[in-house]
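Step one of this worksheet: look at the structure below.
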Number of protein chains: 2
Amino acid sequence: MHVTDVAGESVQPPSLESTGCRNVSPVLNRVGDKWSMLIVMILADGPRRFNELKRHIDGISQRMLTLTLRGLERDGLVSRTVEPSVPPRVTYALTDLGESLKQPVETLGRWAMAHIACIRAAQQRFDARLDGANEP
Amino acid sequence: MHVTDVAGESVQPPSLESTGCRNVSPVLNRVGDKWSMLIVMILADGPRRFNELKRHIDGISQRMLTLTLRGLERDGLVSRTVEPSVPPRVTYALTDLGESLKQPVETLGRWAMAHIACIRAAQQRFDARLDGANEP
DNA sequence: CCGGATCCTATCTGATACTG
DNA sequence: CAGTATCAGATAGGATCCGG
């Protein structure tokens, strides 16, 4: 994919430090919310319909699924296709941009799953230290 | 670094699909919040003191910096070192676990910076379509 | 310098009910 | 089936004052 931006400025990643941090924030606010990443992960496996997604995520409310999908659509990460039939059939899929996000998301997802145990352990150590301090 | 979990279970990433999604969520809620990832990115460059971080992030309130650092510390991603001097000198650094997060975070960070323009463009197209529909 | 405590607001989320 | 609308509770976030 040939990524140039709208105004014609070349899009070259500067050092992650200094310059970039303020650009990363807004993206994180989308991708980093409660559901977006999960949806991207599921859609990475192929297009899904609304209720397929709902069933697959389990815990998400209809409202939040709609809202999150709208957000992802707005950001150009997900496409929404309506087949004008009865009953209506709406299919969601990753766009090219969304596909390009698969790799980073997978990287983070694998890290998360590989280290979730370490994290929980650290949390328990931390909480135990606090309890010990409060009730000696 | 040799990452095995506490209980001695081997930590092998299952397929990102099915099994993993519910494990990823909690991790995302930490790493995916408004500031954690930014802090990890900065700390990736080396240890920093409290106000160094505050100055570097610019936009974060004292409160949120404290809270976020506590959270990261609780998760075992960041270490907090107090030098008992006057004035006090508190240094934050990535732990080994935190270091292991550097790579995934950088991957996502680079993606974010490389595609921020595409995203903003998509948002404007989306919003424009809505305006056109509401005010013909 | 570091950060705890408090107050107050904006936003997010879920439950529920209703529509094409 | 795939939404929209509305309401109420939870949570995040900022501003400010205070203390070690």
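Chain identifiers are assigned alphabetically (A, B, ...) following the order of the sequence lines, protein sequences preceding nucleic acid strands; residue numbering begins at 1 within each chain.
- Residue B:Lys34 contributes atom NZ, which lies 10 Å from atom C1' of C:dT11 at whole-angstrom precision.
- Residue A:Arg49 is classed as a sugar-phosphate contact, given heavy-atom separations below 4.0 Å to backbone atoms only.
- At whole-Å resolution of the value, NZ in B:Lys54 and P in C:dC2 are 11 Å apart.
- Of the listed nucleotides (C:dG14, C:dC2, D:dA2), C:dG14 has the atom at the smallest distance from the side chain of A:Ser61.
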Applying side-chain contact (heavy atoms from CB on, under 4.5 Å), run through A:Ser100 and B:Trp111 and close with a yes or a no. CA-CA 8 Å; A:Ser100 77; B:Trp111 182 91; 2.9 Å; yes

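- OP1 or OP2 of D:dG3 has at least one side-chain nitrogen or oxygen of A:Tyr92 nearer than 4.0 Å.
- Regarding A:Glu73, its CD atom lies at a distance of 13 Å from the C1' atom of D:dG3, rounded to whole Å.
- Of the charged side-chain nitrogens involved, at least one lies within less than 4.0 Å of a carboxylate oxygen, so that A:Asp33 and A:Arg30 count as a salt-bridged pair.
- Distance B:Leu65 CG to D:dA15 C1': 16 Å, rounded to the nearest Å.
- Remark: C1' of C:dA10 and CG of A:Asn29 are 14 Å apart, rounded to the nearest angstrom.
- Using a distance-only test at 3.5 Å, with no hydrogens or angles considered, a donor-acceptor pair links the side chain of A:Ser61 to the main chain of A:Met64.
- Side chain of B:Met64, nearest nucleotide from D:dC1, C:dG3, D:dG14: D:dG14.
- Of the candidates D:dT4, C:dG3, C:dC1, D:dT4 carries the atom nearest the A:Thr66 side chain, counting heavy atoms from C-beta on.
- At whole-Å resolution of the value, CD in B:Glu52 and C1' in C:dC2 are 13 Å apart.
- With DNA chain C read from its 5' end, the first of the two nearest nucleotides for A:Trp35 and A:Gln62 is the one closest to A:Trp35.
- DNA chain C is contacted by both A:Leu67 and B:Pro87; B:Pro87 maps to the nucleotide lying nearer its 5′ end (nearest heavy atom per residue).
- Considering only the side chain of A:Phe50, D:dA2 comes nearest among D:dA2, C:dC2, C:dA15.
- Distance alone, capped at 3.5 Å, is enough to place a donor-acceptor pair between the A:Thr95 side chain and the A:Gly76 backbone.
- Within the structure, every side-chain polar atom (N or O) of B:Arg63 is placed at least 4.0 Å from both OP1 and OP2 of D:dA12.
- Protein atom CG of B:Leu69 is 14 Å distant from nucleotide atom C1' of C:dC1, rounded to whole Å.
- Within a 6.0 Å sphere centred on CD of B:Glu52, heavy atoms belonging to other residues, nucleotides or ligands number more than 12.
- Taking only side-chain nitrogens and oxygens, B:Arg70 comes nearer than 4.0 Å to OP1 or OP2 of C:dG4.
- Atom-to-atom, CD1 of B:Ile60 to P of D:dG13 comes out at 9 Å; the value is rounded to the nearest Å.
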